[in-house]
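Note that the structure is predicted; figures quoted are calculated from it, not measured. Letters A, B, ... mirror the listed sequences (proteins, then strands); counts begin at 1.
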Amino acid sequence: SSGDDKTADPGSTSSEGSSGGDAISVGFSQVGAESGWRAANTKSIQDTLTKDAGFDLKFSDAQQKQENQIQAIRSYIAQGVQYIAFSPVVETGWDAVLQEAKAANIPVILTDRAVDTADTSLYVTFIGSDFVEEGKRVGQWVSDNLGTEPINVVELQGTTGSAPAIDRKQGFEDATKDNANIKIIASQTGDFTRDGGKKVMEGFLQANPDIDVVYAHNDDMGLGAIEAIEAAGKKPGVDIKIVTIDGVKDGMTALADGKINYIVECNPLLGPDLAKIIKTLHDGGTVEPRIVTQDGAFDQEQAKAALPDRQY
Amino acid sequence: MTGLAQLTRHRLFWPIVALVVLLLASTLKSHSFLEVTVRDGHLYGAPIDILRRSSILLLVALGMTLVIATRGIDLSVGAVMAIAGAVTLTQIASSPDPGAVSTVAVAMLTGLAVCLVIGVFNGFLVAVLGIQPIIATLVIMTAGRGIAMLITGGQITTVTSAPYKTLASGFWLGLPVAALIAGVFFAVVALVTRRTALGVLIESVGINPTASRLAGVRARTIIWTVYVLCALFACIAGFLQSSNIMAADSNNAGLFIELDAILAVVIGGTSLAGGKFSLTGTLVGVLVITTLTLSITVIGIPVNAVSLFKALVVIVVCLLQSPVVQHKLRARRRQAAPVPVEVPA
Amino acid sequence: MMTEPNTTPIVEMTGISISFPGVKALDGVDFRLLPGEVHALMGENGAGKSTLIKALTGVYGIDSGRIVVGGVDQVFAGPAEAQAAGISTVYQEVNLTDNLSVAENVMLGHEIRRFGLIDWHATRKAARTYLKALNLDIDPKSSLSSHSLAVQQLVAISRAMVVDARVLILDEPTSSLDSDEVARLFDVIRTLRDQGVAILFVSHFLEQIYAISDRITVLRNGSLVGEYTPAELPRVELVGKMIGRALEVLTELEGRSERAVVDRSGTPFMQAIGVGRRGSIEPFDLDIYPGEIVGLAGLLGSGRTELARLLYGADHADSGETLVSGQAVKLRNPRSGLAKSIVFSSESRKTEGIIGDLTVRENIVLGLQAERGWMRRVPRKKADDVVAQYIEALGVRPANPDAIAGNLSGGNQQKVLLARWLATAPKLLILDEPTRGIDVGAKAEIQKLVADLAAQGMAVVFISAELEEVLRLSHRIAVLRDRHKVAELVNSDDVTTDVVVDLIASGGTSA
Amino acid sequence: MATDEMTVKARKQPEPKLTGAVHRSRPTLDRRYLPVLGTVVVLVLMLIIGGSRYDNFLSGRVMANLLINNSFLIVVAVGMTFVILTGGIDLSVGAVLALSTCISAWMFVHGWPAYVAIPAAILAGALIGWAVGVMVHVFEIQPFIATLAAMFLARGLCYVIAPESIPITDPTIVKLGTRWDLGGGWAITPSGVIALAVVVVAFVTLHYTRFGRTVYAIGGGEQSARLMGLPVARTKVLVYVISGTCAGLGGLLFAAFSSSGYSLTGVGMELDAIAAVVIGGTLLTGGSGFVLGSVLGVLVLGLIQTIITFEGTLSSWWTKIVIGALLLVFVILQRLLVVRRR
Ligand SMILES: Nc1ncnc2c1ncn2[C@@H]1O[C@H](COP(=O)(O)OP(=O)(O)OP(=O)(O)O)[C@@H](O)[C@H]1O
Ligand SMILES: Nc1ncnc2c1ncn2[C@@H]1O[C@H](COP(=O)(O)OP(=O)(O)OP(=O)(O)O)[C@@H](O)[C@H]1O
Ligand SMILES: [Mg+2]
Ligand SMILES: [Mg+2]
């Protein structure tokens, strides 16, 4: 609805001036740096879209604020970059600013998180994981491997109201709802942090004497839970099983050490894929509208095998 | 009866009632809640957990009390915690012998030194340049986490070091080391402020800075000092926090702890307008808040209602503490004539 | 003088009682105020005068009693309601907001509006008129905080005139004013009285009471002593009724005390050579010898306070040189003054003196403590002794070291402030309006104390709006005018107020 | 202590003499404007430096975006200014703003028309503000705590109303965010116009109504204001209502800006608003400051953000450090300007 076509020009005119040479100028707006996963994601992008690889990357960190992100995208449009990529803080509310990008003829690529819009022409493609699917895969594994007898599950949720927290909860519930053996007895938010995970787990341990499984929405909370379980004199991974999502290095190490039982990977290394997509677009090619990354899943044995080559 | 009336009139009566109610509610939900058992040669149980967990907030609130007494505020404490953890853990992680006591000691001293500099910086902005405390400390609040991430390279630095782990998870004489550390600092501050003239001079500067200056009080030095102390206490809280998870999480260490600390200070009866402060009050405030967080999990408040529950507790405690309600309650009890609202001349 | 007394009181208070924790401030007091009269409320410091006023205007709720205003039973919820009922009040401490301009302070709540919005031009003009009525020709746009306390007091009075009041209450309005301003204020009061306004007036200056009042009510220790006309109550008796016993205060006050001869042969304790500060006081020279009381005389705003602040180091001078006991010193802040055993008691006790929320004990010990630094706390025993000694010597009431200083009556706060400085055993005592708001009895005590201290070798700089007081005490008098030191004279029996006033008027040439 | 030095020195300003019949009115600038002036000077400096460093920085588009992207913050900061002028503080604005986005989004999803949903969202803000005002005034709870509780409350309500983010498609709201092109890259949105209107209304209220002057008087000294017979109670409650209403309105502007209602919106926005107000020269102790200063404060924060995106090479941590450093440079420069002029 915004469609101010008269200002559509700066995109093409000034890009020459600002980017210099043949480098492709890309504006990337990151959510923030709230977790180890995010740091790895940022690093991957910054390390791939380098000058040497023929890119002129403009990076900005929105510090978890949608307004900063919108502001950054608008500023990229004003600066006249050739491509915009971003990981949206929220799924909703991007129509207006994406319209502006479209009006300025700047292709937009979404990474990691999707946006909720009726008009799919606003972005070229989405590349990232499917949070619901991740939750489902964890749920499935728990159901298949542990749910053979009655078990009590406690859930460490991510930040209240955030998309990954909602979807991972949803996915897990979907996958386990048919298994009568699985009972989720408590669920509380640990804010995706180790400290939060540990605090909440301490509370769970006080209130419930018979916890069998901990489902943490990310590795960090799982690692926090390990600390709490150990402090309570129990053995994580044995007395209480732990399943998590992400697969960051510390998580994988704990998995290999037998303190975590299963991790569904959520690959942060989106840089190479992003670079490939932009190159393809730049050469006039087309890409799929939705590219879901190939995420692995590891149990303890697989972790031991994979650990030496992990980059993050 | 008059004894009881006297009691309910005490400033800390309602916060303590809140504490008791929270503990009772948790016990109703989980019957063994108040039980303390001996496990692996030390005490174990929710009350011990509360003590251990309170230590971090207590240290931060301790410094905050002093700052608030001078009419200031320190928003940078969370960031200082992050920096303390980052500096110390990066050093421990990069040392060849992370398990050695000497490594840990040197790393912690470095952390203290860095935080000292930050405290001096905050104090300089407030006391010398006369920048409003909230904005002066906002600088470090924003930049501090960046500095911490710079030190850790944006990663969460994880270490394994037994001596460092002892800080937060160890026990001494059956009691958590963290609680003992916080307790010692609390006692020292209480002693120093009340045994020397520091306490009264801080209050005097907080109540009337102009008059204090004219009375010859070194207002500037005192204000500077409290910011340094606040940063040092936050630093130690940062040690405990990072030791708790054995990792330096620059983004999340001490996030929003300044709000909890201020809340604790105010529940304890110290006014944000500066002046008279009560360390005991702060201690009670800290216990209320820590218990509140633990009981949210234990009682099983639904995730989406956690904020509402917190709001409810804070509002109820504050309302009951407020002069108007106190007065109403008293009048009801004694059926006496209204007591005048006190207005200073 | 007296206009035909209207016999139905406009304000009638009966059986008023108010208690504060530990103090019964008013105990069944009756009071009435007639239209068209100036009614003086008298009593010692802490007698309950201000409390009675605050009870009337609803600042304090009353425990028992009845208040009838204009024939109607009234309990005001606060000054706003009292004001709406036609009672306009100037409270004891200057209660204005010093972040706003003079005009705004005068007109706050009564700004002139056009089309619902404030018409600043008209408002300022109105403010100027009200200020003019008190002979105050200051820029209404100037910030209130840029004016001295005396001016602020006049502004507060102007503000009270804005309301079309039936009752005007003035609680110690003259405590910082010099005789010209007082005379001017009295003219205004008389005009209002003749228009039928009932005026309640509080002052510790007996001459003023006798000059203006039609009726006197005396309070003592929160109880009513009685209601009198000035004619039936000579001064001595009035003082007797206030203090509860006959006292030879008056004789002491009126008779000039024996002045010791000051030895001016040695080195002065303090020597100011060309000390000045741009924008506040022109460079001046001043020598102060041990045992000498130097009085500063001048009109309102002549720069006495400014001079005193430079001597202490409250402000630092931008020219000149200061010698203490013959040695050059730099006084850049109050601490440096204190370190040289110089102390300064400010005229504005509310903002620059008392630490309101601290106890009397803590307030008294503060100066001593500041001198010793934070590490070495004044031992409890010593603190108790010092505090007890000065509470006794100055007659602080209530004589309770643990009372919150901010709750004390104005005069008692002033005594606490004095005690703070005397307790440090200074060598130079700078007193800016130390007797402001202090009752006759205590004033005599303080004057005697100052004279005694000087006799024991303490140097004193004494500032007072009351010229007689300066003359009575000082050995030497420095005369200021327009922020200039214009003259200096040795006090003797020949020096009268007229001499000094002439000096001020002529700018020092007639001496 | 510098604050006391300030008051001490303020007393020392030479004044026209009482004795002299003639008025010597010196052409000095009113000291109260100094902090705001400091802000302006530093803002212009930042613009010049930004313009010389980056291409397109001083373009109409970037400048217009500065207003458009910050319209909601301007409104919130205006409300905050009222509260801070009385010596209070309002920590609830970020959460109330989020609540307003959630309420309106929820109502649109449930089929309510804009003329119901919009007033409801604003009213919710006003109601919370009123509750805070009552807590602060009647129950004498410290503003910091009362508003902190309100912040938990509003955030909690958000999670209950909108556990997930809700897209808003309502045409009225969408229209609020439509850019009106003014040529040369300059543009404005109805949101921006509303923000400016709020500023004007606030300015007039503060400087041309008795209510506004009472706000300042309370900030100068609540006790004195009461003794002066001013309606302290009503005014104090009202400033929180105003702040809540502004946060509610800000929520609508934010909803227009982001076309969604989301419970995690505006986390930490209260600090941005407070920072903007303080940078704009308002004293946190109350009694001194201007709404226009707050607007400048918002622009400064926005400009810092813009510089960061234009720089484009900062890692996440350098972003934080640079924001902190710019803030520091800013407050110190402003402070020095003010001190110099004394
Ligand atoms: N808010 C208060 N809390 C406690 N005590 C108070 C309060 N206000 C006044 N008092 C006490 O009430 C008594 C009467 O004080 P009041 O101020 O009325 O005296 P006053 O006659 O006006 O004296 P002064 O001449 O010194 O102004 C004093 O003992 C004072 O300490
Ligand atoms: N009536 C007045 N009109 C204008 N300015 C005044 C007036 N009185 C004082 N001032 C200003 O207030 C400032 C303070 O003066 P200062 O306090 O040194 O005077 P003072 O001699 O102590 O008089 P007092 O304390 O009786 O007012 C001076 O800069 C003076 O210019
Ligand atoms: Mg009095
Ligand atoms: Mg004076």
Side-chain angles (χ1 to χ4, degrees), chain B residues 6 9 66 69-71 127-128 191-226 229 269-271 273-278 323-324 327 330-331 334 336-345, chain C residues 18-21 25 50-51 54-55 59-64 78 91-93 309 312 314 333-339 343-346 348-358 362-363 365-367 369-378 404 406-410 413 417 420-421 424:
Chain B
Q6 204 76 32
R9 208 174 306 169
L66 300 183
T70 63
R71 262 190 204 183
V128 180
L191 268 180
V192 168
T193 50
R194 296 307 172 200
R195 286 287 149 211
T196 70
L198 188 61
V200 89
L201 292 184
I202 286 176
E203 289 176 348
S204 138
V205 170
I207 297 165
N208 192 339
T210 318
S212 302
R213 193 181 94 94
L214 278 179
V217 177
R218 287 181 199 269
R220 182 176 287 186
T221 317
I222 285 182
I223 292 173
W224 204 334
T225 312
V226 294
L229 286 180
T270 301
S271 159
K276 289 273 174 195
F277 64 92
S278 155
V324 179
H327 175 208
R330 229 176 298 156
R334 289 187 304 167
V339 173
V341 187
E342 282 173 32
V343 186
Chain C
I18 290 186
S19 324
F20 296 112
S50 301
T51 307
K54 288 183 175 170
V59 177
Y60 294 149
I62 51 174
D63 294 351
S64 62
Y91 295 93
Q92 181 169 7
E93 302 295 336
R309 290 176 68 93
Y312 179 51
N333 55 36
R335 279 202 60 80
S336 47
L338 195 62
V343 301
F344 167 71
S345 158
S346 165
S348 130
R349 62 173 168 251
K350 184 179 166 191
T351 52
E352 299 184 343
I354 285 291
I355 315 283
D357 290 345
L358 293 188
E362 288 164 331
N363 264 287
V365 178
L366 189 64
Q369 188 63 65
E371 215 178 14
R372 294 167 66 105
W374 68 269
M375 296 258 265
R376 298 189 306 130
R377 181 166 170 232
V378 179
I404 301 295
N407 288 343
L408 257 49
S409 79
Q413 291 185 9
L417 209 52
R420 175 192 296 167
W421 294 125
T424 63

For B:Phe277, ring pair (Phe, Tyr, Trp, His ring centres under 6.0 Å) partners two or more places apart: none
Any donor-acceptor pair under 3.5 Å from B:Arg195 side chain to C:Arg377 backbone: no
Check against side-chain contact (heavy atoms from CB on, under 4.5 Å), B:Leu214 and C:Tyr312: CA-CA 9 Å; B:Leu214 278 179; C:Tyr312 179 51; 4.2 Å; yes
Contacting region of C:Leu417 [heavy-atom separation from chain B under 4.5 Å]: neither
B:Asn208 side-chain N/O to C:Glu352 backbone N/O, donor-acceptor pair under 3.5 Å: no
Test item: B:Arg218 side-chain N/O and C:Gly373 main-chain N/O as donor-acceptor pair under 3.5 Å: no
Option that, when pairs with chain C are counted at under 4.5 Å, heavy atom only, ranks first among B:Ser204, B:Gly206, B:Gly275: B:Ser204
Region of B:Leu198 in contact with chain C, defined by heavy-atom distances below 4.5 Å: both
Residue from B:Ile202, B:Thr193, B:Thr196 passing side chain to side chain contact (heavy atoms under 4.5 Å, CB included) with C:Trp374: B:Thr196
From CD1 (B:Ile207) to CD1 (C:Ile354), nearest 0.5 Å: 11.0 Å
side-chain contact (heavy atoms from CB on, under 4.5 Å) assessment of B:Glu203 paired with C:Asp357: CA-CA 9 Å; B:Glu203 289 176 348; C:Asp357 290 345; over 6 Å; no
C:Arg372, part contacting chain B, at a heavy-atom distance under 4.5 Å: neither
Nearest-0.5 Å distance that lies between atom CD in C:Glu362 and atom NZ in B:Lys276: 4.0 Å
B:Ala215 to C:Ala370 - nearest heavy-atom pair and separation: O-CB, 3.4 Å
Engaged part of B:Ser212 at the chain C interface, taking heavy atoms whose separation is under 4.5 Å: both
Sub-4.5 Å side-chain heavy-atom contact between B:Val217 and C:Leu366: yes
Side chain / backbone / both / neither for C:Tyr91 at chain B, heavy atoms under 4.5 Å: neither
